[in-house]
2 protein chains.
Amino acid sequence: MKNTATRDKLIDSGAQLISQQGYNATGINAVLKTCGVPKGSFYHYFSSKEDFGLAVIERFATTYDETLVSLLEDSDTPPLERLKRYFAAGREHMHECDHATGCLIGNLGQELSGQSDTFRDALNLVFQRWEQRFVRCLQDAQARGDIATHTAPEALASFILTGWEGAILRAKTLKSVEPMEQFETILFQQVLARPSP
Amino acid sequence: MKNTATRDKLIDSGAQLISQQGYNATGINAVLKTCGVPKGSFYHYFSSKEDFGLAVIERFATTYDETLVSLLEDSDTPPLERLKRYFAAGREHMHECDHATGCLIGNLGQELSGQSDTFRDALNLVFQRWEQRFVRCLQDAQARGDIATHTAPEALASFILTGWEGAILRAKTLKSVEPMEQFETILFQQVLARPSP
DNA sequence: CTTAAAGTAGACCAGTCAGTCTATTGCTTT
DNA sequence: AAAGCAATAGACTGACTGGTCTACTTTAAG
């Protein structure tokens with residue numbers, strides 16, 4: 001398995017289609033068509049559609065984690081600013097996809113975690129990795145005294161990820177980023193507020 | 001169209017299967033099998049699968065709205081207590097379905113709002129109706145002085161619905177209601193906190 | 001130059017999908 | 001009793017599903 005170009009093309013097209021239509025609604029033939037790869041190659045690189053789906057998740061998680069690191073662990077920027085930048089990037093992405101795509105991991109979590117334990121485990125791991133990135137950013141904020149320390153950063157990270165995923169879902173059905181803005185506003189006003197001295 | 005028993009059976013089975021597997025993964029034949037209704041009857045009551053899906057949404061929204069009213073608009077109970085009862089009911093339901101089902105409207109919103117504008121509109125309306133229920137409950141709380149008035153009840157309602165839906169999604173992939181508890185805790189501690197006098 | 005493996009290519013398979021069609025049953029109104 | 005409609009019943013259709021199979025081409029090693 002040396003030539004990864006074809007494999008990469010398959011994963012790219014797959015990620016795009018699955019983002020738009022979901023896993024079940026995306027047929028293998030459709031993936032093959034959009035990237036001009038014959039079926040023989042598909043089953044040379046992947047043992048099944050599930051195997052392919054897991055590869056799509058893995059690839060997305062890996063590349064997205066780089067984005068996340070550059071946004072949330074940039075020590076040149078104050079931690080709360082980094083968070084705001086992260087939210088802004090999410091809103092921008094929502095605009096770019098015309099409020100249709102949202103978050104691939106969130107979508108698949110909703111669609112597949114009741115259907116397959118393998119998928120659920122994979123998606124859960126991705127969420128946990130993301131939460132860890134938030135935790136570090138929040139620890140920085142607490143260390144600098146930007147936010148109160150009475151709530152554990154782990155709890156805050158879970159709260160933020162959870163709320164943000166929900167806001168993305170709501171933004172999709174509303175076709176507007178308003179819920180994402182509203183979440184951010186209240187979060188910074190009342191949860192990540194400066195501690196009273 | 002007098003006999004609604006068969007129609008109801010179809011919708012019931014459909015709601016159950018769609019809750020578990022999603023809309024695209026649920027075939028009409030599977031619905032027919034689980035309730036022992038022949039295909040002829042299905043297409044007698046519904047013009048297409050989409051038509052059927054919309055009927056499932058409508059029925060669910062209607063019956064669930066009754067639950068919502070009894071939980072959130074019961075004037076014998078303090079408004080914040082009503083909210084807590086609502087969250088508790090949600091967690092209980094999550095346990096009952098072994099963390100697999102979650103919220104039918106949330107699931108379909110994720111799966112279909114990028115796929116069909118008809119579905120998106122229908123689901124959006126349901127969300128907006130729910131938000132209104134929260135708004136009234138929060139207005140009560142503000143009127144009683146239980147929570148601060150510096151944030152509009154509409155904004156709070158959006159924040160709560162959004163966060164709760166996200167918590168449900170996260171609970172599904174984690175197979176644990178912990179994210180739902182965490183959301184509730186931080187919400188009451190820092191967002192729906194008693195106003196300082 | 002030979003040979004084996006990696007990779008490409010697409011015809012083909014059984015099964016399933018949403019949806020159609022015709023036939024029949026049961027009830028209601030005349 | 002007759003007519004007409006609501007509803008039941010399920011065989012059937014063409015399109016499409018994930019997956020298999022065989023044949024061919026390219027690459028690399030000995």
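Atom set for the values below is all heavy atoms of this structure, side chains included, hydrogens, waters and symmetry mates excluded. In what follows, every chain begins at residue 1, and chains take the letters A, B, ... in the order their sequences are listed.
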Can you check nucleotides 20-26 of chain D for protein contacts, nitrogen or oxygen pairs under 3.5 Å, and list what you find?
none

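A:L32 has its CG atom 12 Å from the P atom of C:dT8, to the nearest Å. We find that NZ of A:K9 is positioned 11 Å from C1' of C:dT8, with the value rounded to whole Å. Between B:R7 atom CZ and D:dT8 atom P there is a gap of 12 Å when expressed in whole angstrom units. Separating the CG atom of A:D8 from the C1' atom of C:dG7 is a distance of 15 Å, rounded to the nearest angstrom. In this structure, NZ of B:K33 is placed 14 Å from P of D:dG10, rounded to the nearest angstrom. Computed from coordinates, the B:F52 CZ to C:dG19 C1' distance equals 15 Å when rounded to whole Å. When rounded to the nearest whole Å, the span between CG of A:N24 and P of D:dT17 equals 12 Å. One atom, CD of A:Q21, and another, P of D:dC16, lie 14 Å apart when rounded to the nearest Å.
Within the structure, a side-chain polar atom (N or O) of B:Y45 is placed less than 4.0 Å from OP1 or OP2 of D:dT8. Proximity of A:T6 to the phosphate of C:dG7: no side-chain N or O atom is located under 4.0 Å from OP1 or OP2.
Of the candidate nucleotides C:dA9, D:dG10, D:dA6, D:dA6 has the atom lying nearest to any side-chain atom of B:H44. The side chain of A:S48 has D:dG19 as its nearest neighbour among D:dG19, C:dT8, D:dT8. Comparing atom distances between the A:N29 side chain and each of D:dT17, D:dA7, C:dG7 picks out D:dT17 as nearest.
Under a 3.5 Å cut-off, the side chain of B:S113 and the backbone N or O of B:Q110 do not form any donor-acceptor pair.
A:L174 and A:M94 sit in two unconnected hydrophobic clusters of ILVMFWY residues. Membership requires side-chain heavy atoms under 4.5 Å apart, directly or through other members.
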Q) salt bridge (charged side-chain N to carboxylate O under 4.0 Å, His left out) between B:D12 and B:K9: does it pass, once the steps are laid out? A) CA-CA 5 Å; B:D12 275 346; B:K9 267 204 287 184; over 6 Å; no

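How far CZ of B:R170 is from CZ of A:F159: 15.0 Å, rounded to the nearest 0.5 Å.
A 6.0 Å sphere centred on CD of B:E50 holds more than 12 heavy atoms belonging to other residues, nucleotides or ligands.
Relative orientation of the B:F87 and B:W164 rings is tilted, given thresholds of 30° and 60° on the angle between their planes.
B:R133 and B:E73 are joined by a salt bridge, as a carboxylate oxygen and a charged side-chain nitrogen come within less than 4.0 angstrom of each other.
Heavy-atom distances to DNA chain D give each of A:F42 and B:G36 a nearest nucleotide, and the one nearer the 5′ end belongs to B:G36.
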